[in-house]
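Since the model is a prediction, treat every value here as computed from it, not as a measurement.
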Amino acid sequence: QVQLVESGGGLVQAGASLRLTCAASGRSFSSYAMGWFRQAPGKEREFVAAISWNDVNVYYGDSVKGRFTISRDNAKNTVNLQMNSLKSEDTAVYYCAAKSVTYWNYGDYYVRADDYNYWGQGTQVTVSS
C-alpha cells in the first residue's frame with residue numbers, strides 16, 4: 001500500500017503559476033503509474049495528467065494541454081504538476097492518484113479514475129480572475 005499527500009495548492013491570480021507536489025510513502029513508489037485529477041464544486045472528477053512508471057510516457061487532458069506538465073522523481077518518491085497560465089476554470093481540488101503496475105505495464109499511463117488504486121486527500125487550487 002502507498003500513502004499519497006499533496007501540497008502546493010493556494011490562491012493565485014489568473015495567468016500565474018503553481019507547482020503541486022505529491023509525496024508518496026509506503027511500498028516502492030516506482031511500482032506505480034501516477035496521475036492527477038481535479039474536481040470543481042458541482043462537477044465530476046476530471047482527468048488532468050498521467051505519467052507512466054518508467055517516466056517515458058505522459059498524457060494530458062485537453063483543457064490543460066500545453067499549460068501543465070507532469071513529472072516524477074522516483075528517487076524522491078514524488079510526482080509534480082507544474083501549472084502555468086492558470087485560468088479561473090482551473091479552480092478545483094487537485095488529487096494525486098497511484099496505480100500499481102507490473103513489468104508489462106511499465107510504459108502505460110491511465111486516464112480513468114477507476115483505474116487507480118490509491119488517492120491522496122487533495123489540495124485546493126483557486127484562481128481568481
Side-chain angles (χ1 to χ4, degrees):
Q1 185 160 343
V2 64
Q3 292 78 43
L4 305 173
V5 178
E6 303 95 336
S7 62
L11 171 63
V12 296
Q13 291 188 332
S17 298
L18 275 178
R19 184 178 179 86
L20 304 183
T21 296
C22 174
S25 60
R27 289 186 57 187
S28 174
F29 178 65
S30 60
S31 299
Y32 293 87
M34 301 298 295
W36 285 96
F37 291 77
R38 66 187 182 186
Q39 189 164 18
K43 295 188 177 181
E44 293 187 352
R45 191 164 294 192
E46 176 189 12
F47 168 76
V48 175
I51 188 166
S52 62
W53 164 82
N54 60 7
D55 201 11
V56 171
N57 297 306
V58 296
Y59 192 76
Y60 298 94
D62 288 341
S63 60
V64 306
K65 206 170 292 183
R67 298 187 298 123
F68 290 13
T69 302
I70 188 171
S71 62
R72 67 188 296 162
D73 186 336
N74 288 347
K76 296 181 179 179
N77 287 358
T78 57
V79 61
N80 301 302
L81 185 68
Q82 178 65 42
M83 306 186 295
N84 298 329
S85 302
L86 283 162
K87 306 175 181 179
S88 58
E89 50 263 45
D90 294 319
T91 294
V93 177
Y94 283 71
Y95 298 91
C96 173
K99 173 181 170 54
S100 59
V101 294
T102 49
Y103 70 92
W104 58 82
N105 300 124
Y106 283 167
D108 293 346
Y109 54 79
Y110 302 86
V111 302
R112 298 189 316 138
D114 289 347
D115 286 330
Y116 288 86
N117 308 107
Y118 304 103
W119 292 83
Q121 294 299 308
T123 185
Q124 176 70 48
V125 172
T126 303
V127 184
S128 63
S129 57

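- Looking at Gln82 and Asn84, their side chains do bring a donor and an acceptor atom within 3.5 Å of each other.
- Put simply, the side chain of Val48 does not reach to within 4.5 Å of the side chain of Met83, judged on heavy atoms.
- In this structure, Glu89 places its CD atom where more than 12 heavy-atom neighbours from other residues, nucleotides or ligands lie under 6.0 Å away.
- Here the shortest heavy-atom pairing between Gly122 and Val93 reads CA-CG1, 3.8 Å.
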Fill in: Derivation and outcome, side chain to side chain contact (heavy atoms under 4.5 Å, CB included), residues Glu6 and Leu20
CA-CA 7 Å; Glu6 303 95 336; Leu20 304 183; over 6 Å; no

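- The closest side-chain heavy-atom distance from Asp55 to Asn74 is not below 4.5 Å.
- In this structure, the side chains of Phe68 and Leu81 come closer than 4.5 Å at one or more pairs of heavy atoms.
- Val5 and Tyr118 fall into different hydrophobic clusters, where Ile, Leu, Val, Met, Phe, Trp and Tyr are joined by side-chain heavy atoms under 4.5 Å apart, directly or via other members.
- Among Trp119, Tyr94, Tyr95, the single residue meeting the ring-ring contact (aromatic ring centres under 6.0 Å, His included) criterion with Phe37 is Trp119.
- Arg19 approaches Ser71 most closely through the heavy-atom pair NH2-OG, 4.2 Å.
- Atom NZ of Lys43 has 12 or fewer heavy atoms from other residues, nucleotides or ligands within 6.0 Å.
- Scanning all heavy atoms of the two residues, the minimum distance from Ala40 to Thr91 falls at CB-O, 3.6 Å.
- A donor-acceptor pair under 3.5 Å is absent between the side-chain atoms of Asn57 and the main chain of Ser52, judged by distance alone.
- With Tyr109 as the aromatic partner, Lys99 does not meet the cation-pi criteria of under 6.0 angstrom to the ring centre and within 45 degrees of the ring axis.
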Discussion item. Between Met34 and Leu4, is the side chain to side chain contact (heavy atoms under 4.5 Å, CB included) condition met? List the steps.
Written reply: CA-CA 11 Å; Met34 301 298 295; Leu4 305 173; 4.1 Å; yes

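- Side chain of Thr21 to backbone of Asn80: no donor-acceptor contact under 3.5 angstrom is found.
- Counting only heavy atoms from C-beta outward, the side chains of Thr126 and Gln124 approach each other to under 4.5 Å.
- With respect to the salt-bridge test (charged N to carboxylate O, under 4.0 angstrom), the residues Asp90 and Lys87 do not qualify.
- Listed here is the closest heavy atom pair of Tyr60 and Ala49: CD2-CB, 3.6 Å.
- Under the 4.5 Å side-chain criterion, counting only non-hydrogen atoms from C-beta, Trp36 is in contact with Cys96.
- Between the side chain of Tyr116 and the backbone N or O of Tyr110, at least one donor-acceptor pair lies under 3.5 Å.
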